[in-house]
Q: 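Got a structure for you, questions after.
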Number of protein chains: 2
Amino acid sequence: MKRRSTASKEEILEVLAASGNALSHEMIQDRVSSAMDRATIYRVLNRFCEDGKVHKVVGDNGKQYFAMCANCDEKKQLHSHNHIHFRCLQCGTVECLKQALSVPLPEGYVAKVHNLVISGFCKACS
Amino acid sequence: MKRRSTASKEEILEVLAASGNALSHEMIQDRVSSAMDRATIYRVLNRFCEDGKVHKVVGDNGKQYFAMCANCDEKKQLHSHNHIHFRCLQCGTVECLKQALSVPLPEGYVAKVHNLVISGFCKACS
DNA sequence: ATTTTATTGCGACAAAGTTGCAATATTACA
DNA sequence: TGTAATATTGCAACTTTGTCGCAATAAAAT
Ligand SMILES: [Mn+2]
Ligand SMILES: [Mn+2]
Ligand SMILES: [Zn+2]
Ligand SMILES: [Zn+2]
């Protein structure tokens, strides 16, 4: 499963990097120059996630958002995204907050994925 | 918009109370004795949320889960559910953990809804 | 240049949730 | 108790989100 470099891949990555936020499939489709199929976008994004370049958050609206990994260990196995995300109910932006959050779970519980989202009004909209 | 007491309402509430966990629409439908329409279940649950009897969590699988409000102020306006939820990747249960979590947001941000989910393996499954 | 196979586009599909509308059941009230 | 007002339900239709199979395309290796 070697990865190949394609126009779609690079453009999506540029869009994510330029934005700095977590973007939904739709947001990405809007910001991409060339028309790109929905399935393709999802496949590219999921591949990025596998490769540890990108991480995914599911909003309290049920939608998936994808953001570039910032401080992640390059080791794809254990990049823990235990930081908070903020989704603005007004403008729709989803930001990765700096806040890393370590939650002590009860005995016997094993954490695999953190999906922490607070929604409200962002700095610009409040 | 006065509420009326119906069989569906009470049965759903019983199921939620008996479970103690956060249940998806499907889980509720399975545990209810009488056949009940999907739309009806959602409508009942959403009404419960409006009334402050129940709160909703969206899992990292994009699905909605509903749980009885435990320590909520009866004042429907401001019941803050800033506690963590744990979803087991094995058995599928979603629990409300006791952990109340107050996150200091950056200046200018206003929090409205907390949707905090950690998924992994629960006590029984790990 | 040719082969190999990762990637794409398209269509079909499934699942989750919502909504409109007519039928039904609950509550209020005469 | 009987009737009117309206909240609730069931059903079907629909939207949205995301996935998958398959044939066509394009990147990399030879
Ligand atoms: Mn993030
Ligand atoms: Mn809860
Ligand atoms: Zn905003
Ligand atoms: Zn479990």
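All chains are named by letter (A, B, ...) in the order of the sequence lines, taking the proteins before the strands, and each is independently numbered beginning at 1.
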Q: Starting at atom OH of Tyr65(A), determine the distance to atom C1' of dG18(D), rounded to an integer number of angstrom.
A: 14 Å

Q: Any N/O pairs under 3.5 Å between the protein and nucleotides 19-23 of chain D? List them or say none.
A:
residue	atom	partner	partner atom	Å
dG21(D)	O6	Arg43(A)	NH1	3.3

Q: Do Phe86(B) and Phe121(B) share a hydrophobic cluster (ILVMFWY, side-chain heavy atoms under 4.5 Å, transitive)?
A: no

Q: Specify the separation, in whole Å, of atom CD1 of Ile28(B) and atom P of dA16(C).
A: 13 Å

Q: Could you go through Tyr42(A) and His25(A), starting from their C-alpha distance and side-chain angles, then the distance that decides it, and tell me whether this counts as ring pair (Phe, Tyr, Trp, His ring centres under 6.0 Å)?
A: CA-CA 7 Å; Tyr42(A) 279 116; His25(A) 137 260; 5.0 Å; yes

Q: To the nearest Å, give me how far apart CG (Asp60(A)) and C1' (dT17(D)) are.
A: 16 Å

Q: Compute the centroid of each ring, for His81(B) and then for His114(B), and state whether the two points are separated by less than 6.0 Å.
A: no

Q: Are Ser33(A) and Glu11(A) close enough, and set up right, to give a side chain to side chain donor-acceptor pair (under 3.5 Å), and what steps lead you there?
A: CA-CA 8 Å; Ser33(A) 62; Glu11(A) 197 167 5; 2.3 Å; yes

Q: Are Leu101(B) and Leu97(B) joined in one hydrophobic group, where the rule is that I, L, V, M, F, W and Y side chains link up if heavy atoms are under 4.5 Å apart?
A: yes

Q: Polar atoms only, N or O, under 3.5 Å: list the protein pairs with nucleotides 24-30 of chain C and their distances.
A:
residue	atom	partner	partner atom	Å
dT26(C)	O2	Arg4(B)	NH1	2.5
dT26(C)	O2	Arg4(B)	NH2	3.2
dT27(C)	OP1	Ser5(B)	N	3.1
dT27(C)	OP1	Ser5(B)	OG	3.2

Q: Would you say the rings of Phe66(A) and Phe48(A) are close, in the sense that their centroids are separated by under 6.0 Å?
A: no

Q: Estimate the overall bend of the helix from dA1(C)-dT30(D) to dA30(C)-dT1(D) from the end axes over five pairs each, rounded to 10 degrees.
A: 30°

Q: Quick one: Asn61(A) CG to dT18(C) C1', roughly how many Å, whole number?
A: 15 Å

Q: Can you check the Ile12(B) CD1 to dT8(D) P distance for me, whole Å?
A: 12 Å

Q: Quickly work out the Met36(A) CE to dG9(C) P distance and round it to whole Å.
A: 7 Å

Q: Figure out the CG/C1' separation between Asp51(B) and dT8(D), and round it to whole Å.
A: 14 Å

Q: Taking the nucleotide of DNA chain D with the closest heavy atom to each, which residue, Ala35(B) or Lys63(A), is nearer the 5' end?
A: Ala35(B)

Q: Please tell me if the side chains of His85(A) and Glu95(A) come closer than 4.5 Å, counting only heavy atoms from C-beta onward.
A: no

Q: Can you see which heavy atom on Val94(A) is nearest to which on Asn21(A), and at what distance?
A: O-CB, 3.2 Å

Q: Under a 4.0 Å threshold between the charged nitrogen and the carboxylate oxygen, would Arg31(B) count as salt-bridged to Glu14(B)?
A: no

Q: For a quick test of reading the model, state the closest non-hydrogen atom pair linking Met68(A) to His55(A) and the distance between them.
A: O-CE1, 3.6 Å

Q: If I take atom CD in residue Gln29(A) and atom C1' in nucleotide dG9(C), what distance separates them, rounded to the nearest angstrom?
A: 12 Å

Q: Which residue, Asn82(B), Ile84(B), Ile118(B), forms the side chain to side chain contact (heavy atoms under 4.5 Å, CB included) with Gln99(B)?
A: Ile84(B)

